[in-house]
**Q** 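First the structure, then my questions, so here it is.
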Amino acid sequence: MANVPELDDKERETLLSDRTDWELAREGKAITRTFQFGDFSEAWGFMSRVALLADAQDHHPEWFNVYAKVEITLTTHDAGTNGGLSHRDTKLARAIDNLLG
Ligand SMILES: C[C@H](O)[C@H](O)[C@H]1CNC2=NC(N)=NC(=O)C2=N1
């Protein structure tokens, strides 16, 4: 169900210039960032904190973890025709970045 507006070009540019560690993925329909921690415990601690944020925002990451590495992809299922980037992704990306200080 497409009921969330996709970011327009200007909002997309602002997102990428504010959050330079995030990159566009899936032909502009998602953003992705890789996080490297010291060990699995740190990575899992981070994931636990992201999980709580995500649930509070009702917006959930797609992610991949190997030992100390966490790759997060954000997209909005309810945006565009087959999903896309929305303010929900911007908001969650900002909150995730803020966890790291
Ligand atoms: C019904 C519920 O609000 C939706 O399915 C939420 C849940 N989490 C979500 N997470 C993400 N990443 N995109 C969504 O569109 C989304 N939608």
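Positions are given from 1 along the sequence. Start at 1 and go down the list; that is how both ligands and their atoms are numbered.
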**Q** Just wondering, are more than 12 heavy atoms of other shown residues or ligands nearer than 6.0 Å to CD in Q57?
**A**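 Yes - once you tally the heavy atoms of other residues, nucleotides and ligands closer than 6.0 Å, there are more than 12.
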
**Q** Please check if a non-hydrogen protein atom sits closer than 4.0 Å to atom 1 (C) of ligand 1.
**A**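 False for atom 1 (C) of ligand 1.
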
**Q** Have a look at H77, E62, Q57, R88 and point out the one with the heavy atom closest to atom 16 (C) of ligand 1.
**A**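 Ranked by closest heavy atom to atom 16 (C) of ligand 1, first place is H77.
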
**Q** Enumerate the atoms of ligand 1 whose separation from the nearest heavy atom of T76 is less than 4.0 angstrom.
**A**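 Answer, ordered by atom number: 13 (N), 15 (O).
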
**Q** With a 4.5 Å limit on heavy-atom distance, are the side chains of D21 and F35 in contact?
**A**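 Contact flag for D21/F35 side chains = no.
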
**Q** Is there side-chain contact between V70 and F64, with at least one heavy-atom pair below 4.5 Å?
**A**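 Counting from C-beta outward, V70 and F64 never come under 4.5 Å.
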
**Q** Taking salt bridge (charged side-chain N to carboxylate O under 4.0 Å, His left out) as the definition, give me every residue that meets it alongside E11, ordered by chain and number, with sequence neighbours left out.
**A**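 Result, salt bridge (charged side-chain N to carboxylate O under 4.0 Å, His left out) vs E11: none returned.
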
**Q** Would you mind telling me which of T75, D89, D78 makes a side-chain hydrogen bond (donor to acceptor under 3.5 Å, both in side chains) with H59?
**A**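 Considering T75, D89, D78, a side-chain hydrogen bond (donor to acceptor under 3.5 Å, both in side chains) with H59 is found only for D89.
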
**Q** Just need the protein heavy atom nearest to atom 3 (O) of ligand 1, so name the residue and atom and give the distance.
**A**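 Answer for atom 3 (O) of ligand 1: D58 OD2, 2.7 Å.
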
**Q** What residue and heavy atom of the protein are closest to atom 10 (N) of ligand 1, and at what distance?
**A**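 For atom 10 (N) of ligand 1, the nearest protein heavy atom is H60 N, 2.9 Å.
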
**Q** Could you tell me whether atom 13 (N) of ligand 1 has a protein heavy atom closer than 4.0 Å?
**A**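 So far as the 4.0 Å threshold goes, atom 13 (N) of ligand 1 is in reach of a protein heavy atom.
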
**Q** Need the ligand 1 atom indices (1-based, order shown) with element for anything under 4.0 Å from a heavy-atom of D78.
**A**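 So the answer, numbered in order with elements, is 15 (O).
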
**Q** If you measure from each non-hydrogen atom of T75 to ligand 1, which part falls under 4.0 Å: side chain, backbone, both or neither?
**A**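 It is the backbone that gets close, since no side chain atom is under 4.0 Å.
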
**Q** Is the shortest side-chain heavy-atom distance between E6 and K29 below 4.5 Å?
**A**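 A side-chain contact exists here, since the closest heavy-atom pair is under 4.5 Å.
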
